[in-house]
Amino acid sequence: MGKSYLGELEQMVLLAVLRLGEEAFAVAVMGELDREAGRKVSRGSLYKTLDRLREKGLVRWRTEDGTPERGGKPRRLFTVTPAGIEALRESREVLLNLWDGVLGTLGGEER
């Protein structure tokens with residue numbers, strides 16, 4: 001059986017969580033994806049992806065007290081696990097390897 005690679009949305013979510021750090025709550029992750037990647041993601045799709053990443057051991061979350069703006073409802077703060085960081089590294093390397101040799105065809109420079 002071959003290796004399992006991260007999907008595009010999984011990579012984007014992991015990167016957004018890493019970028020946001022202590023502000024990596026679901027709404028902030030959705031905003032980061034929209035702002036930085038131009039990718040609008042529904043709350044349902046985001047949570048489905050986060051659940052899948054948690055099942056793979058690539059992300060974890062902890063519950064924090066809610067803010068008055070949220071009516072005190074608790075919220076989840078997401079963090080990328082060491083396994084998640086390693087999966088991102090591997091995914092990046094695979095993509096860079098695949099890009100090698102085609103940038104000239106696309107009008108770009110090789111690494």
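Note that the coordinates shown come from a computational prediction; the quantities given were computed from them, not determined experimentally. Values reported hereafter were calculated over all heavy atoms of this structure, with side chains retained and with hydrogens, waters and symmetry mates removed. The first residue in the sequence is number 1, and the count goes up from there.
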Considering residues at least two apart in sequence or located in another chain, which fulfil the side chain to side chain contact (heavy atoms under 4.5 Å, CB included) criterion with D51? R54, R76
Strictly below 4.0 Å, N to O, side chains only: are E86 and R89 in salt-bridge contact?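 Result for this pair is yes, salt bridge flagged.
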Residues in salt bridge (Lys or Arg N to Asp or Glu O under 4.0 Å) contact with [X], at least two apart in sequence or another chain:
X	result
E36	R19
K73	none
E22	R62
R39	E8

Nearest non-hydrogen partners of A83 and G57, listed with the distance: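 Shortest heavy-atom contact: CB-O, 3.7 Å.
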Using a side-chain heavy atom cutoff under 4.5 Å and only I, L, V, M, F, W and Y, what cluster partners does [X] have?
X	answer
L77	F25
L50	L6, L9, M12, V13, L14, L15, V17, L18, L20, V29, M30, L33, V41, L46, Y47, L53, L58, V59, W61, F78, V80, I85, L88
Y5	V94, L98

Under the side-chain hydrogen bond (donor to acceptor under 3.5 Å, both in side chains) rule, collect the residues that match up with [X], sequence neighbours excluded.
X	result
E23	none
S45	S42
K48	none

